[in-house]
Structure formats: C-alpha cells, structure tokens
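The structure under discussion appears below in the form of structure tokens.
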Amino acid sequence: MHDFRGSTVEDLDLPPAFSITPETPLEHALELSFERSYSYLPVISSRSRSLLGYLSAEQLQKTFNSPSPPGPGHIEAGLATATVRSFMRRFPKKQAFQKIMPDTPLEDLEKFFDTGHDFAVITDADRRFVLAVAVPEDLQNFVKRRPSISLGDI
C-alpha cells in the first residue's frame with residue numbers, strides 16, 4: 001500500500017473518457033481505442049446515458065485475432081457492419097457498484113484495484129456522467145512521478 005498523502009482521483013489528471021453506445025459501429029470503436037490508446041471504452045445508453053458496460057481493447061484484439069493492436073481498416077468483411085452491442089461486456093444490473101469519483105482518495109482506488117478490478121469508471125456523484133477511466137498503471141505512474149518524502153525532509 002502506498003502513501004498517497006491525501007491525493008484523490010482528480011490528482012491523476014486522467015484524460016476525459018470517450019463513451020460509446022451499443023449502436024456504435026465496431027470499426028469506429030476500434031479506431032477510437034487505437035488512436036487514443038484507450039484500454040477501455042465505457043458503453044452508455046443512447047437514451048438515458050446510463051452506464052451499461054464496456055468494450056476493452058483486449059477484446060477487440062482477440063476479436064480480430066491479431067498479435068498486435070489492430071489499426072483502422074483491418075476489419076474483416078463480416079465484421080464491417082458489426083456494432084458494439086455484439087461485443088461489449090455488460091455490467092450486472094442488480095450488482096451494487098462502488099462509486100469512484102474525482103474526490104475519491106487514491107488509497108480507496110488502490111484497494112479497488114487490489115480486489116481484482118482491471119479498471120475503474122470515474123463518474124459524478126449521481127453516476128449520471130462518465131468522466132474518465134482509470135487503470136492500475138495510472139496509480140503506478142502517479143507514484144513514480146511524485147517525489148517521496150523521507151523523515152529527514154520533515
């Protein structure tokens with residue numbers, strides 16, 4: 001466990017999330033993931049904007065059976081008309097979710113990742129808007145770029 005000294009998720013300076021809908025063409029989702037180097041794309045309802053699930057770059061990679069991340073234009077003919085709906089992973093409807101918001105302490109985010117989660121969707125307090133997506137590497141990078149304090153510095 002790291003000492004984050006009161007830092008919150010907001011201090012990670014995460015890029016804004018780019019959400020897609022189930023109706024998004026798979027090719028477009030692939031391009032977004034590839035161009036922006038996003039590991040996870042949140043999938044939201046086109047009507048209510050509520051969070052439904054996600055699409056991962058790893059899923060896309062497996063779908064296209066490529067040893068390296070596929071680039072735009074590498075979609076097989078049969079998948080050219082496919083939408084995200086067929087490939088997204090849905091969140092269970094009845095499961096309670098831990099809210100991760102900009103003011104969530106980084107210690108809590110670290111505990112969340114320690115329970116086996118690969119990513120966290122950062123939302124507003126009402127969970128109406130997807131603000132960002134955090135992965136464990138974001139915490140690791142934060143710790144690396146933050147100077148450590150030794151007892152001699154106090």
Side-chain angles (χ1 to χ4, degrees), residues 1-63 68-72 83-154:
M1 181 88 99
H2 295 96
D3 177 14
F4 294 107
R5 298 182 299 218
S7 298
T8 64
V9 168
E10 188 171 28
D11 296 318
L12 294 176
D13 292 327
L14 299 168
F18 193 91
S19 299
I20 55 178
T21 67
E23 297 80 23
T24 302
L26 196 59
E27 184 171 22
H28 184 62
L30 175 64
E31 289 171 1
L32 288 171
S33 174
F34 183 74
E35 289 171 2
R36 298 176 185 204
S37 298
Y38 284 167
S39 301
Y40 297 93
L41 294 172
V43 180
I44 59 173
S45 167
S46 54
R47 287 188 304 257
S48 68
R49 311 304 281 171
S50 62
L51 186 60
L52 300 174
Y54 67 95
L55 188 66
S56 74
E58 183 179 351
Q59 281 175 265
L60 289 172
Q61 194 172 1
K62 287 179 182 176
T63 299
S68 61
T83 62
V84 167
R85 180 181 314 281
S86 302
F87 295 89
M88 65 183 268
R89 292 192 179 157
R90 289 189 172 272
F91 292 127
K93 290 183 181 184
K94 307 250 183 214
Q95 183 178 342
F97 288 97
Q98 179 178 346
K99 286 184 184 179
I100 307 288
M101 300 171 290
D103 63 351
T104 298
L106 290 184
E107 290 83 2
D108 291 350
L109 182 62
E110 184 177 45
K111 288 177 192 172
F112 180 78
F113 288 140
D114 287 346
T115 62
H117 297 283
D118 295 328
F119 68 100
V121 177
I122 315 306
T123 66
D124 64 314
D126 297 326
R127 290 183 38 191
R128 294 189 313 169
F129 301 104
V130 175
L131 305 174
V133 174
V135 293
E137 291 80 17
D138 293 320
L139 280 179
Q140 294 165 3
N141 291 337
F142 180 82
V143 169
K144 285 179 190 174
R145 72 175 185 257
R146 187 170 188 164
S148 62
I149 294 179
S150 67
L151 292 176
D153 295 338
I154 299 178

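Scanning all heavy atoms of the two residues, the minimum distance from Pro15 to Tyr38 falls at CB-OH, 4.1 Å. Closest of all the heavy-atom pairs between Asp108 and Gln98 is O-NE2, 4.2 Å. Nearest heavy atom pair, residue Val130 against residue Pro42, reads CG1-CG, 3.7 Å. Annotation for Lys99 and Thr104: closest pair O-OG1, 4.0 Å, computed over non-hydrogen atoms. Looking at every heavy atom in both residues, Val84 comes nearest to Pro25 through CG2-O, 4.5 Å.
Put simply, the side chain of Pro22 does not reach to within 4.5 Å of the side chain of Thr83, judged on heavy atoms. Between Thr8 and Pro102 the shortest side-chain heavy-atom distance does not fall below 4.5 Å. Contact of the Asp11 side chain with the Phe4 side chain is not registered, since no non-hydrogen atoms from C-beta on lie closer than 4.5 Å. Side-chain contact between His2 and Gln140 is absent, with no heavy-atom pair separated by less than 4.5 Å. Considering only heavy atoms from C-beta on, Ile100 stays 4.5 Å or farther from Val121 through its side chain. Between Leu12 and Leu109, the closest side-chain pair of non-hydrogen atoms falls below 4.5 Å. Looking only at side-chain heavy atoms (C-beta outward), Tyr54 and Met88 stay at 4.5 Å or farther from each other.
Side chain of Thr115 to backbone of Phe112: a donor-acceptor contact under 3.5 angstrom is found. Using a distance-only test at 3.5 Å, with no hydrogens or angles considered, a donor-acceptor pair links the side chain of Gln59 to the main chain of Ser56.
Between atom CE of residue Met101 and atom OG1 of residue Thr123 there is a gap of 7.0 Å, rounded to the nearest 0.5 Å. Between Leu26 atom CG and Leu55 atom CG the span is 6.5 Å, to the nearest 0.5 Å. Once rounded to the nearest 0.5 Å, the distance linking CG of Asn141 with CG of Asp13 reads 12.0 Å. Note that CG of Asp118 is 8.0 Å distant from CD of Glu58, once rounded to the nearest 0.5 Å. One finds the CG atom of Leu106 at 5.5 Å from the CG atom of Leu139 (value rounded to the nearest 0.5 Å). From Ser7, atom OG reaches atom CZ of Arg5 across 7.0 Å, with rounding to the nearest 0.5 Å.
Atom CZ of Arg145 has more than 12 heavy atoms from other residues, nucleotides or ligands within 6.0 Å. Dense packing is recorded around CD of Glu107, with more than 12 heavy atoms of other residues, nucleotides or ligands lying under 6.0 Å away.
Test Thr24, Val133, Ile20 against Leu41 for side-chain contact (heavy atoms from CB on, under 4.5 Å) and you get one pass: Ile20.
Thr21 and Glu23 are linked by a side-chain donor-acceptor pair at a separation below 3.5 angstrom, with hydrogens and angles left out of the test.
Taking Glu137 as the reference, nothing meets the salt bridge (Lys or Arg N to Asp or Glu O under 4.0 Å) condition, with sequence neighbours excluded.
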What's the verdict on side chain to side chain contact (heavy atoms under 4.5 Å, CB included) for Ser39 and Phe119, showing C-alpha distance, side-chain angles and the deciding distance?
-> CA-CA 9 Å; Ser39 301; Phe119 68 100; over 6 Å; no
Derivation and outcome, side chain to side chain contact (heavy atoms under 4.5 Å, CB included), residues Ile44 and Leu52 | CA-CA 5 Å; Ile44 59 173; Leu52 300 174; 5.7 Å; no
Give the intermediate values and the outcome of side chain to side chain contact (heavy atoms under 4.5 Å, CB included) for residues Leu51 and Val43.
-> CA-CA 6 Å; Leu51 186 60; Val43 180; over 6 Å; no
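Taking the ring axis of Phe129 as reference, the NZ or CZ atom of Arg49 does not stay both within 45° of it and closer than 6.0 Å to the ring centre.
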